[in-house]
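Encoded as structure tokens, the structure appears first; notes follow it.
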Amino acid sequence: MGMFDDAVPGGNITKPLMVALGALLVGKMLSGSSAPAEAQAPLPQPGAAPQGGGLMGGLGGLLDKLTNAGHGSTVSSWLGSGQNEPIQPTQLQSALGQTTIADLARHAGISEQELLAQLSQTLPGVVDKLTPNGRVPPPNEIQSVWNRA
């Protein structure tokens with residue numbers, strides 16, 4: 001994923017994680033089929049245009065979901081300058097919901113535990129990269145960045 005490699009501990013985003021991040025942030029799936037997600041739009045088919053900017057309503061929706069689950073100071077650290085606070089896999093699971101995690105893991109082709117472990121390590125750096133100067137870009141900008149990655 002090139003441009004995000006320095007956002008990830010170890011410097012490498014795997015294809016399964018790209019699938020999960022793409023579904024969360026821009027509605028882009030590299031493989032899999034449509035399946036309903038917890039009170040959200042269905043996961044899109046490969047190559048389908050994103051609906052609402054991603055599974056959780058794009059980056060803004062994802063950050064809102066995390067903030068509403070009590071992780072506002074963590075999310076703020078990802079948006080601001082300085083060190084990004086970590087988020088634990090169990091915190092992500094609680095915030096995103098079991099159905100969403102199960103759907104993402106199935107589409108990514110990895111276990112739920114592996115998905116949560118990788119997302120918890122990767123999400124702070126990816127969000128930091130996507131939000132220069134603390135500005136959450138609109139879904140079309142994120143899609144453009146994602147397509148170049």
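Bear in mind the structure is a predicted one, so any value in this text is a computation, not a measurement. Count residues from 1 along the sequence.
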Query - salt bridge (Lys or Arg N to Asp or Glu O under 4.0 Å) partners for Glu114, two or more places apart - result: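 Partners of Glu114 by the salt bridge (Lys or Arg N to Asp or Glu O under 4.0 Å) criterion come out as none, since no residue qualifies.
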What's the separation between atom [atom1] in [X] and atom [atom2] in [Y], rounded to the nearest 0.5 Å?
X      : Y      : atom1 : atom2 : result
Gln93  : Thr100 : CD    : OG1   : 11.0 Å
Gln143 : Leu59  : CD    : CG    : 13.5 Å
Gln83  : Asp128 : CD    : CG    : 11.0 Å
Gln88  : Gln121 : CD    : CD    : 10.0 Å

Side chains of [X] and [Y]: does their closest heavy-atom pair fall under 4.5 Å?
X      : Y      : result
Leu66  : Leu92  : yes
Leu119 : Leu21  : yes
Leu62  : Leu123 : yes

I need the minimum non-hydrogen distance between [X] and [Y], along with the two atoms involved.
X      : Y      : result
His107 : Val19  : O-CG1, 3.7 Å
Leu104 : Ala23  : CD2-CB, 3.6 Å
Pro16  : Ile110 : CB-CG2, 3.6 Å

Report summary line: For Ala102, the side chain to side chain contact (heavy atoms under 4.5 Å, CB included) test, sequence neighbours excluded, returns Gln98, Glu112
Query - Listed partners of Pro89 passing side chain to side chain contact (heavy atoms under 4.5 Å, CB included), at least two apart - result: Leu116, Ser120
Query raised in the report: Which salt bridge (charged side-chain N to carboxylate O under 4.0 Å, His left out) pairs, counting each pair once, include a residue from residues 131-144, with sequence neighbours left out?
Result: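 Counting only pairs at least two positions apart or across chains, the salt bridge (charged side-chain N to carboxylate O under 4.0 Å, His left out) contacts touching residues 131-144 are Arg135-Glu141.
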Query raised in the report: Got a sec, which pairs hit side-chain hydrogen bond (donor to acceptor under 3.5 Å, both in side chains) with one end in residues 66-81, sequence neighbours left out?
Result: Thr74-Glu85
Query raised in the report: Pick from Val126, Val75, Leu79, Ile142: which one makes a side-chain contact (heavy atoms from CB on, under 4.5 Å) with Thr131?
Result: Leu79
